Amino acid sequence: MLEKAFVGGRKYWIWMGCLLVVMGAGFLSWLYQFSEGLGVTGMSRDISWGVYIANFTFLVGVAAAAVMVVIPYYIHHYKAFGRITILAEFLGVAAVTMCLLFIIVDLGNPFRALNVLLHPTPKSILFWDMVVLNGYLFLNIFIGWNVLMAERKGSPTPGWIKPFIYLSIPWAISIHTVTAFLYAGLPGRHFWLTAIMAARFLSSAFAAGPAMLILFCLILRKTTKFDAGNQQIRTLSGIVAYAMILNVFFFLLECFTAFYSGIPGHQHTIVYLFAGLHGHTGLVPWMWTSAFFWVVSLVLLIVPVTRRSDDVLAVACVAVFIGCYIDKGVGLVIGGFIPNPLEHITEYVATVPEILITLGVWATGFFILSALYKVALTVKEEVEAEA
Amino acid sequence: MGVNRRKFLKIAGISTLGAAAVPAADALAMNPIEWLDKQLGGFTPSEILLHMGHKPTGLKPREALTAKRWAMVVNVRQLDEEIAEACRETCHKIHNVPDIKNPKHEIKWIWAEHYEHALPGQHHEHIDDVLKEAPFLVMCNHCYDPACVRVCPTKATFKREHDGIVLMDMHRCIGCRFCMAACPFGARNFNWKDPRLFLKEEDQNPEFPTRMKGVVEKCNFCAERLAKGQIPACVEVAQELCKKKGREPALVFGDLEDPDSEVRQVLRRHHSLRRKPELGTNPNVYYIV
């Protein structure tokens, strides 16, 4: 089936070629980082995680979001989603691959990464994150591939794959919960030390992931013969709307606790992010951009007329994506380090090599996603042509 | 207490080997205890006998300082800039800590902070002016329940069970920096660049390893000195300088589980604070203000 990824028109090859160029630039930058050390990034003693871990965190959410299509289809027998489950699962594959790559490029000693297996340490949440992410990657490849194979042969989805599908549902929740636990279990980082962290992660994931899926469906409708279907897009937009409302609600809950309690530690990061702290305002424009996109997306998603227009929905989904990306990537990860444990403030700005490596990983993800979508859509086209 | 035990073992050793050793030592015009100690490489005679005359490499030489739970007390009122700087300089020199000027990449094992940064939340604007400017020496707290150890995915950082020191295996560290996010005291450093580029060959201490880029490091309570029977370098330097200045020792080191140890005596005499006790990591560094 994979051979279908190697057959495509001019546009397909130009697109894949462009991605390869970005991947190449990212790889060269990584070689530079590897030889010089992580000092070539904007990270520091105080901000010891940067855009790599931020992107990792965001993409775990995107990966988990496949479950928002799998649950309605397999649990509630919402047949319409049968058309797009494969898109969600393959998005999961690409997203988890990016997550793993972001971890690798963030390591000071990437060639020692297997020490995590050589010296398994169940007390460390990172150990479990490795377990759940790799498991999820396997599950999505395995399920997606087998379901697609069955579709190609015109046979029903084999029964033995069902347990794996049901397993993939809690597994999807687990990848984002465990990723939230990376942060929420650390003493002394007030901004992260919150029981609602996993819930926030899941809500933003279930907003941003399906929003990406809607965008892909709309793009595929324009660029290929594949039409995900209006009903599918309508249902997805409803899911995004609910998740986005929850996401903003959870954030406001954090603000209430921090400011009504009056506990300084709980407020510092939020104040830093939205107003600046002791004259340090590096992330303020970012956060207000994020807030602006949150509000725009909420309005466009809640008002039925705007939500039901494909063009406006596309804008809303881009707004969700940008809003959540900045909030979770920039705000949550970088913000959590400010102020530092000694209440000094160091700010963070990503460097050029760091951004190139980040783009390279994204390009790799899109490369994998494009190849997988190419396979899936070709199979679907062939099946429809035969029918 | 360590000295008493040591002396006892040495005397016991002499008796075991018999009186013949004493004249031999006299012939060499050495203190017999020193002579015997030299012959036995710091091990007790029974340990030597148990290993058929070979020096038991797996055992710890008797000269090592041991404790159940090492702890340090920082008496801030006895500190001044000069002492604090001497502690920092000595520590960094003997541990081959690179001198990186860029604060984003710097490595520091011990350094001075102001009250409000060392003990945030326990500071207020009306404290004694002396304390406002006083150098609070901070370092790894060698917590009894260290968050860094809990989060490390490879056990590259671990708590040594017999004496509570939190150590690093620099050969195992993958450089994920989870421990840096977990440490509530900012005690951990990552080698953002090759540290050897910032260490002059002639300034290096050949007895302590240098590090490579991409690993995390921090204060080790001078575990390598304790093994040779020496107290931590910062404590030694601070005590020398304090003696010269006619002050009480600014840094005290000892076994927290020994009621007669110097740290316990000092903690009995003075009210003391620990950094962020509410987080439950149980620091083993105490501050007297």
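Here is how names work: the chains are called A, B, and so on, in the same order as the sequence lines, proteins then strands, and each is numbered from 1. None of the values given here were measured: they were computed from a predicted structure.
- Chain A forms the most heavy-atom pairs under 4.5 Å with one residue out of B/A147, B/G280, B/G175, and that residue is B/G175.
- Neither side chain, A/H190 nor A/Q267, offers a donor N or O lying under 3.5 Å from an acceptor on the other.
- Using a 3.5 Å distance cut-off with no hydrogens or angles, the side chains of B/Y287 and B/Q122 do not pair a donor with an acceptor.
- Proximity to chain A involves both the backbone and the side chain of B/C176, based on heavy atoms less than 4.5 angstrom apart.
- Interface check for chain A: of the options B/E116, B/R177, B/M212, the most heavy-atom pairs under 4.5 Å are formed by B/R177.
- A donor atom on one side chain and an acceptor atom on the other are found under 3.5 Å apart for A/S204 and A/K328.
- For A/R189, the part lying under 4.5 angstrom from a heavy atom of chain B is the side chain only.
- We find the CD-OG1 distance between B/E85 and B/T90 to be 9.0 Å, quoted to the nearest 0.5 Å.
- Contact count versus chain B (heavy atoms, under 4.5 Å) is highest, among A/K123, A/E343, A/M130, for A/E343.
- A donor-acceptor pair under 3.5 Å links the side-chain atoms of A/R112 to the main chain of B/C173, judged by distance alone.
- When only modelled atom types and interatomic distance are considered, A/N115 and B/T154 share no side-chain donor-acceptor pair under 3.5 Å.
- Contacts of residues 350-358 of chain A with chain B at a heavy-atom distance below 4.5 Å are absent; not one residue qualifies.
- Note: A/L182 leads A/L182, A/T41, A/L114, A/L193 in heavy-atom pairs under 4.5 Å with chain B.
- Per-residue counts of heavy-atom pairs under 4.5 Å with chain B were compared for A/L342, A/I125, A/L38; the largest is that of A/L342.
- Chosen from B/R172, B/R150, B/K155, the residue pairing most often with chain A at heavy-atom distances under 4.5 Å is B/R172.
- Only the backbone of B/A187 comes within less than 4.5 Å of a heavy atom in chain A; its side chain stays farther off.
- Between B/Y115 and B/F136, the ring-plane angle classifies as tilted under the 30° and 60° cut-offs.
- Annotation: salt bridge (charged side-chain N to carboxylate O under 4.0 Å, His left out) contacts involving residues 213-222 of chain B, sequence neighbours excluded, comprise B/R211-B/E217.
- Most heavy-atom pairs under 4.5 Å with chain A: of the set B/T281, B/L197, B/V151, this distinction falls to B/V151.
- Side-chain polar atoms of A/N55 and A/Y325 form a donor-acceptor pair below 3.5 angstrom.
- The stretch residues 125-135 of chain B places none of its residues near chain A, where near means some heavy atom under 4.5 Å from a heavy atom of that chain.
- Residue with the most contacts toward chain B among A/G37, A/G185, A/G188, A/P187: A/P187 (heavy-atom pairs, distance under 4.5 Å).
- For chain B, the nearby part of A/T346 is the side chain; its heavy atoms alone come within less than 4.5 Å.
- A/F191 contributes atom CZ, which lies 11.5 Å from atom OH of A/Y183 (distance to the nearest 0.5 angstrom).
- With hydrogens and angles left out, the side-chain atoms of A/D129 and A/T179 include a donor and acceptor closer than 3.5 Å.
- Below 4.5 Å, heavy atoms of chain A meet heavy atoms from B/P103, B/K104, B/H105, B/E106, all part of residues 93-107 of chain B.
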Residue pair A/F274, A/F251: steps toward the ring-ring contact (aromatic ring centres under 6.0 Å, His included) verdict:
CA-CA 13 Å; A/F274 287 94; A/F251 170 72; 5.8 Å; yes
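- Of the two parts of B/F185, only the backbone, made up of N, CA, C and O, holds a non-hydrogen atom closer than 4.5 Å to a non-hydrogen atom of chain A.
- Closest non-hydrogen pair, A/V333 versus A/G50, comes out as CG1-O, 4.3 Å.
- A pairwise comparison of heavy atoms in B/I83 and B/C242 identifies CD1-SG, 3.8 Å as the closest pair.
- Note that the OG atom of A/S124 and the NE2 atom of A/H119 stand 13.5 Å from one another [nearest 0.5 Å].
- Checked by atom type, the side-chain pair B/Q204/B/T210 shows no donor-acceptor distance below 3.5 Å.
- Most heavy-atom pairs under 4.5 Å with chain A, from the set B/E278, B/H114, B/R188: that is B/R188.
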